[in-house]
Amino acid sequence: MSSKRTTIYYTLTDEAPSLATCSLLPIVRTFTSAAGIDVKITDISLAGRILAGFNDQLEEHQRVEDGLAFLGELTQDPNANIIKLPNISASIPQLKDCIAELRGQGYELPDYPENPQTGEEQDFQARYTRVLGSAVNPVLREGNSDRRAPRAVKEFARKFPHTMGSWSKASRTHADYMRRGDFYSAEQSITMDESGDVRIEFVAEDGSVTIKKELKLLAGEVMDSMRMSASALREFLEETMQDAKDSGVMWSLHVKATMMKVSHPIVFGHAVTVFYKQLFEKYAELFQELGVNPNNGLSSVYEKIEVLPRSKREEIMEDIHACYEGRPELAMVDSVKGITNLHVPSDVIVDASMPAMIRNGGKMWGPDGKAKDCKAVMPESTYSSIYQEMINFCKTNGAFDPTTMGSVPNVGLMAKKAEEYGSHDKTFEVGMPGTMRVVDADGNVLMQHAVETGDIWRACQTKDEAIQDWVKLAVSRARQSDTPVIFWLDRNRAHDIQMIEKVNRYLQDHDTAGLDIRIMTYVEAIRRSMERMLRGSDTISATGNVLRDYLTDLFPIMELGTSAKMLSIVPMLKGGGMYETGAGGSAPKHVQQLQEENHLRWDSLGEFLALAVSLEDMGNKRNNPRAAVLAKTLDEATGKLLENNKSPSRKVGELDNRGSHFYLGMYWAQAVAAQSEDSELAARFGPLAGALADNEDKIVAELERVQGKPVDEEGYGYYHAKREVIKRIMRPSATLNEILAEANG
């Protein structure tokens with residue numbers, strides 16, 4: 001074994017994953033230290049990112065390392081080994097809540113300036129904007145994505161299937177999306193023959209030109225531009241609301257406002273002002289004075305009117321309720337609290353909300369707390385049709401059966417901010433009529449769109465290096481798993497026409513003999529994948545960036561009950577590796593239950609899976625056979641944990657996240673002690689295995705004893721909790737703490 005110590009960089013993120021990490025890491029470090037591996041925490045939480053952006057405003061003792069910038073640089077190191085947990089993709093309401101919490105803790109941060117007037121306020125807004133939405137993933141994902149369900153997880157799902165709602169052939173649930181005026185309808189795309197500079201310009205009707213962005217493009221790079229018509233969007237929204245009202249189904253909006261942090265909040269805002277049209281027309285001047293921002297949802301109205309006299313507030317509240325009389329029922333996030341899908345943009349994210357609806361038999365929760373059919377509105381049509389196709393499939397064939405269904409692993413094109421996720425700095429809300437265009441250094445117009453006031457225009461880039469690696473990864477996965485691959489590419493879409501030509505060309509660079517590799521439109525691809533899945537067969541989906549995000553929630557939620565149990569590997573272009581702990585968000589409701597009942601139902605299975613692959617990588621790349629042994633035994637322990645059903649329960653008083661960690665540690669120690677590849681390692685962990693087994697009942701009792709009452713810890717914060725406080729909450733078993741301390745010498 002190499003004597004040089006190596007490092008796994010473990011991200012500290014937000015909410016439930018952050019809490020769970022505090023419980024799990026002492027166990028992990030007990031094992032990795034035996035292989036000469038350090039596990040170091042790097043803070044990329046929302047609070048940490050905010051503080052790092054304002055170090056110049058803070059006292060010296062309050063300043064923090066910019067963890068995201070550090071990891072961004074590390075992605076270029078061939079030896080990089082990063083374990084990345086889910087983090088908050090912040091909306092503006094979440095950002096403001098986090099700022100308020102930090103200010104309450106003594107951090108003199110400026111307020112978020114919604115309408116900056118001075119140069120300083122513009123600077124502050126720009127800094128805060130950098131932490132909104134998908135601020136983390138484009139920095140860290142310097143490789144393409146390999147997501148799949150591990151064998152142990154698949155076997156567990158078949159042995160302990162999750163509940164699936166029944167589908168009726170008479171279900172009126174359906175997806176609806178724009179047929180004209182959206183991004184898909186207007187998309188244009190080019191491939192650069194050679195590297196060169198381009199600029200994005202706005203040409204006003206009077207001929208004046210404003211340069212919006214200057215870019216350096218590489219040879220072979222694909223660039224797209226597209227426009228969404230604000231007037232067409234509003235007409236579409238009005239039509240869907242009236243249709244839902246007439247047909248008696250609920251109306252539900254599904255967008256990705258947190259990740260598509262410029263374009264989709266605007267779309268969300270249009271939905272709010274159309275649904276509550278009477279309200280926003282009546283109080284237009286007042287809302288402007290108050291700074292109401294519909295892009296932040298109806299919650300912005302509630303927040304801003306708090307400064308008004310009581311009588312005025314009550315008048316506005318009456319007018320809000322009056323809006324519901326002429327509108328369809330709204331799908332609810334929380335029926336008891338009256339929180340609808342239009343309350344805040346971060347509550348209903350299409351890639352998680354649509355699969356949950358389909359798994360529930362096509363139903364969402366209504367204002368009366370009952371599950372009902374609905375019109376699922378996804379204005380941008382590019383990928384929306386896949387959900388309607390799955391709805392049709394389930395209405396015909398019934399709900400999927402987790403005990404028999406196949407799997408749809410994914411190879412996703414996401415390296416170097418590929419496709420839509422790299423569009424934030426090139427997305428603009430048009431302020432006046434004119435033309436948006438892309439022009440090369442010689443003044444040649446490469447792409448252009450006529451635009452009207454309020455239209456959304458954006459450009460996206462996809463590097464050729466990322467595309468080549470994506471094709472290579474797809475072929476490799478097909479060969480390794482002996483599984484067919486479908487490239488989901490629409491031959492009628494401008495961007496995909498460029499991609500199809502590249503995929504066909506780069507497939508010739510690889511040995512594809514005997515492999516089943518096809519290119520299909522989105523509807524063709526999902527139909528074939530579902531037909532095979534119904535028969536128990538697997539099909540690899542090779543997709544672009546946003547579709548990767550959609551599918552790695554859609555299929556796992558049907559197959560496993562959650563996307564958090566997927567193994568997610570990002571082989572870096574420079575040779576390092578990042579291991580993501582599945583998807584599924586950061587589970588704010590789990591935190592709420594912990595606060596109220598001291599029970600954390602968050603499942604760390606994704607971390608177990610990611611850590612095993614991370615250790616395997618250490619063993620292979622760093623000549624560390626002990627790391628390889630730890631990887632194998634961790635997989636064994638994870639399998640045993642699933643087989644014995646030691647995952648966290650949803651119910652207070654039963655095993656929670658902390659208890660699940662204990663069982664993983666015990667099973668892992670037993671597996672290491674039983675293996676014969678490294679006798680010294682076996683001898684080292686034998687006593688730990690014995691101590692944990694001997695004290696199993698006592699430890700489980702200590703972990704369960706703290707449950708059932710609210711967490712009572714001074715200084716507990718939601719976004720920026722004190723780590724010593726979290727340690728007390730998440731490590732309540734004195735017996736387990738003592739055994740781990742003794743094992744670490």
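Note that this is a predicted model, so its numbers are computed, not measured.
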* Can the ring centres of Phe400 and Phe393 be said to be less than 6.0 Å apart? -> yes
* Does a donor on one side chain and an acceptor on the other come within less than 3.5 Å for Tyr283 and Asp319? -> yes
* To do: Could you tell me how the ring of His321 sits relative to the ring of Tyr324: parallel (under 30°), tilted (30 to 60°) or perpendicular (over 60°)?
  => tilted
* Asked: Are Lys375 and Asp243 close enough for a salt bridge, meaning some N to O gap below 4.0 Å?
  -> yes
* Asked: Do Ser185 and Asp182 have side-chain atoms, one donor and one acceptor, less than 3.5 Å apart?
  -> yes
* List the steps and the verdict of side chain to side chain contact (heavy atoms under 4.5 Å, CB included) for Val267 and Met228. => CA-CA 9 Å; Val267 173; Met228 176 175 279; 3.8 Å; yes
* Tyr184 and Asp490: side-chain donor and acceptor closer than 3.5 Å? -> yes
* **Ring centre gap for Phe160 and Phe156 strictly below 6.0 Å** => yes
* Asked: Please walk me through it: do Glu238 and Arg327 pass salt bridge (charged side-chain N to carboxylate O under 4.0 Å, His left out)?
  -> CA-CA 10 Å; Glu238 184 66 56; Arg327 291 300 190 193; 2.8 Å; yes
* Is it true that the side chains of Asn410 and Thr543 contain a donor and an acceptor less than 3.5 Å apart? -> yes
* Are Glu596 and Gln592 close enough that a side-chain donor and a side-chain acceptor fall under 3.5 Å? -> yes
* Hey, does the Lys NZ or Arg CZ of Arg179 hover above the aromatic six-ring of Tyr177, less than 6.0 Å from the centre and inside 45° of the axis? -> yes
* Using the salt bridge (Lys or Arg N to Asp or Glu O under 4.0 Å) rule, pick out the option among Arg359, Lys565, Lys154, Arg158 that qualifies with Glu559. => Lys154
* Asked: Restricting to pairs with a member in residues 544-563, which pass ring-ring contact (aromatic ring centres under 6.0 Å, His included), not counting sequence neighbours?
  -> Tyr383-Tyr550
* Between Glu429 and Arg458, is the closest basic N to carboxylate O distance under 4.0 Å? -> no
* Heavy-atom distance under 4.5 Å between the side chains of Met390 and Leu554, does that happen here? -> yes
* Asked: Is any NZ, NE, NH1 or NH2 atom of the basic residue among Glu235 and Arg180 found under 4.0 Å from an Asp or Glu carboxylate oxygen of the other?
  -> yes
* N-O pairing of Asp549 and Lys256 below 4.0 Å -> yes
* Determine, stepwise, if the pair Glu315 / Lys282 fulfils salt bridge (charged side-chain N to carboxylate O under 4.0 Å, His left out). => CA-CA 11 Å; Glu315 176 191 335; Lys282 180 176 180 178; 3.8 Å; yes
* To do: If a pair satisfies ring-ring contact (aromatic ring centres under 6.0 Å, His included) and one of its residues is in residues 326-378, list it, with sequence neighbours excluded.
  => Tyr302-His343
* Check whether the side chains of Arg535 and Thr404 place a donor and an acceptor atom closer than 3.5 Å, and report yes or no. => no
* Do Glu420 and Ser423 meet the criterion of a side-chain donor-acceptor pair at a distance under 3.5 Å? -> no
* To do: Using only heavy-atom distances, determine whether the side chains of Arg147 and Ser568 contain a donor-acceptor pair under 3.5 Å.
  => yes
* Charged N to carboxylate O below 4.0 Å: is that the case for Lys304 and Glu114? -> yes
* Asked: Does a side chain donor of either Asn341 or Ser252 reach within less than 3.5 Å of an acceptor in the other side chain?
  -> yes
* Any donor-acceptor pair under 3.5 Å from Ser541 side chain to Pro409 backbone -> yes
* Can you tell me if Ser231 and Ser229 form a side-chain donor-acceptor pair at under 3.5 Å? -> yes
* **Evaluation steps, side-chain hydrogen bond (donor to acceptor under 3.5 Å, both in side chains), between Thr539 and Arg532** => CA-CA 7 Å; Thr539 314; Arg532 289 177 51 80; 2.7 Å; yes
* **side chain to side chain contact (heavy atoms under 4.5 Å, CB included) assessment of Leu12 paired with Ile44** => CA-CA 6 Å; Leu12 180 69; Ile44 61 169; over 6 Å; no
* **Residues Leu551, Ile386; criterion side chain to side chain contact (heavy atoms under 4.5 Å, CB included); working and verdict** => CA-CA 10 Å; Leu551 297 190; Ile386 67 170; 3.8 Å; yes
* Are Glu329 and Lys245 within salt-bridge range, i.e. N to O under 4.0 Å? -> no
* To do: Return yes if a side-chain donor-acceptor contact under 3.5 Å exists between His599 and Gln593, otherwise no.
  => no
* salt_bridge(Glu524, Arg528) N-O dist < 4.0 Å -> no
* Would you check if Pro294 and Phe280 make a side-chain contact, meaning some heavy-atom pair closer than 4.5 Å? => yes
* To do: Report yes or no: do Asn657 and Ser604 form a side-chain donor-acceptor pair below 3.5 Å?
  => yes
* Test item: Val348 and Val333 side chains (from C-beta on) under 4.5 Å apart, heavy atoms -> yes
* **Residues which pass side chain to side chain donor-acceptor pair (under 3.5 Å) with Asn545, listed by chain and number, not counting sequence neighbours** => Arg548
* Asked: Minimum heavy-atom separation for Ala20 to His661, with atom names?
  -> O-CE1, 3.2 Å
* Could Lys709 and Glu597 be called an ion pair, given the rule that one side-chain N must be under 4.0 Å from one carboxylate O? -> no
